[in-house]
Amino acid sequence: PETGCLSIIVLGASGDLAKKKTFPALYNLYRRGFLQSNEVYIFGYARTKISDDDLRNRIRGDILAKMLQSTLKMYQQIKYVSGSYDTEDGFRLLDKEISEHEVSKNSAEGSSRRLFYLALPPSVYPPVCRMIRKCCMNRADLGGWTRIVIEKPFGKDLESAEKLSAQIGELFEEPQLYRIDHYLGKELVQNLLVLRFANRFFLPLWNRDNIQIVFREDFGTEGRGGYFDEYGIIRDIIQNHLLQLCLVAMEKPVSLKPEHIRDEKVKVLQSVLPIKDEEVVLGQYEGYRDDPTVPDHSNTPTFATVVLRIHNERWEGVPFILKAGKALNSRKAEIRVQFKDVPGDIFKCQKQGRNEFVIRLQPSEAMYMKLTVKQPGLEMSTVQSELDLSYKQRYQGVAIPEAYERLILDTIRGDQQHFVRRDELKAAWEIFTPLLHRIDDGEMKPLQYQPGSRGPVEADELLAKAGYVQTHGY
Ligand code: BG6
């Protein structure tokens, strides 16, 4: 591991993302001993005029319930600098503070390691990156690196994403850029590669009827209506988080090197055929427009089911059904692989349902297989049962790290495997841009659905048309 000074600079330190995700993740990393060295310093930067202590108290207030005595020390390693996002003064001041810290530690070669975390709206990414480039690069005399972490949304469609990529690409090289999609930090998403390529019995079996990738939330857009209405469920969830789960569809990479893995992801995304209108169902929950920050005639979908078709040898004829919705009947994210019917099935009349392999990302991480067994007892009848690997039971006492925690640590270590590469981002936008433009132009409209329901019934009909056979209890 590298040693020497590490500065983590959270830009947008007084905002919501920093409060909910970035600082708690840093806190957890500290608690686990990854940031304990007194050569690690955390800088907050934002426009709000507050003091170091104000920022410390805010963070402390947010995570107080979990706080341990030993982490009180962490607060002495936090500093705040206030400044705007597009002028040099603030960034020069920030650079001065970081440099003072680096020099005061009598740092050795390689000690100017600067991680800039942009917990900011994407509209300010270009000016902020320009300012960092101009005023805050790591000190050449101390060596080390400068890395930039950015959050989605990376643009609104192919064109705007490409423009943003080009603007940032002029300032920083691809190995310096870490585009976060926090789904890639989830335990069971990280497990996908192992599952697919380290298990002999999944190799031939990965031949199935249909695959569903599902995201449901049982709450609406409360408090975020303004942001959400500009983006909608496809940009907020499907084009990024759900598409990243295409890890289930990729071929075996040459090695575990991040570039090899990302090459395979790009290939599978590039093999997706254009989406057909008749394989899309959009929904908007009743009451969504009551939010004062949402326009009265909003056409923005809060629900979507989209069927993707992958044109390659392995996946020809196997629909990938991506489904995401807000204000539904449950909170769940899962990948559901449904297998074909047994050929020449002799138990036909007692058939309970198809075999399925389910990877549940949340809540309660689990992997289970639905299979048919003989109902125990004297009668010869069948019943659907599960082979169940529930993480809570199997790994009792093992704490599963938060996605952000893992990803920030990867950034410190310089591992880009779980970050979105520029060509991958482009391929993802290419898939959805035509559909998004049709929605933006009002050519496709969402159907209304009841909050707390499964979404529009038309979505279940589309699922059935794509080949999904509803099984008992789902
Ligand atoms: C975010 C979306 O990226 O992911 C939110 O902007 C969504 O709308 C959230 O609620 C879901 O993340 P998780 O980890 O709770 O599934």
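As the structure is a computational prediction, the values presented were derived from the model and not from experiment. Just follow the structure's listing: the first ligand is 1, and inside any ligand the first atom is 1.
- Remark: D440 engages R235 in a salt bridge, criterion side-chain N to carboxylate O under 4.0 Å.
- One finds a salt bridge joining R421 and D423 here, because a Lys/Arg side-chain nitrogen approaches an Asp/Glu carboxylate oxygen to under 4.0 Å.
- Pocket lining of ligand 1, defined as residues with a non-hydrogen atom under 4.0 Å away: K152, H182, Y183, K186, F215, E217, R224, D236, I237, H241, K326, R331, Q362.
- Remark: R309 engages E279 in a salt bridge, criterion side-chain N to carboxylate O under 4.0 Å.
- Formation of a donor-acceptor pair under 3.5 Å by the S298 side chain with backbone atoms of P295 is not found in this model.
- Using modelled atom types, one finds a donor on one side chain and an acceptor on the other under 3.5 Å when comparing S255 with H260.
- Here salt bridge (Lys or Arg N to Asp or Glu O under 4.0 Å) pairs that include residues 166-183, with residues two or more places apart or in two chains, are E174-R179.
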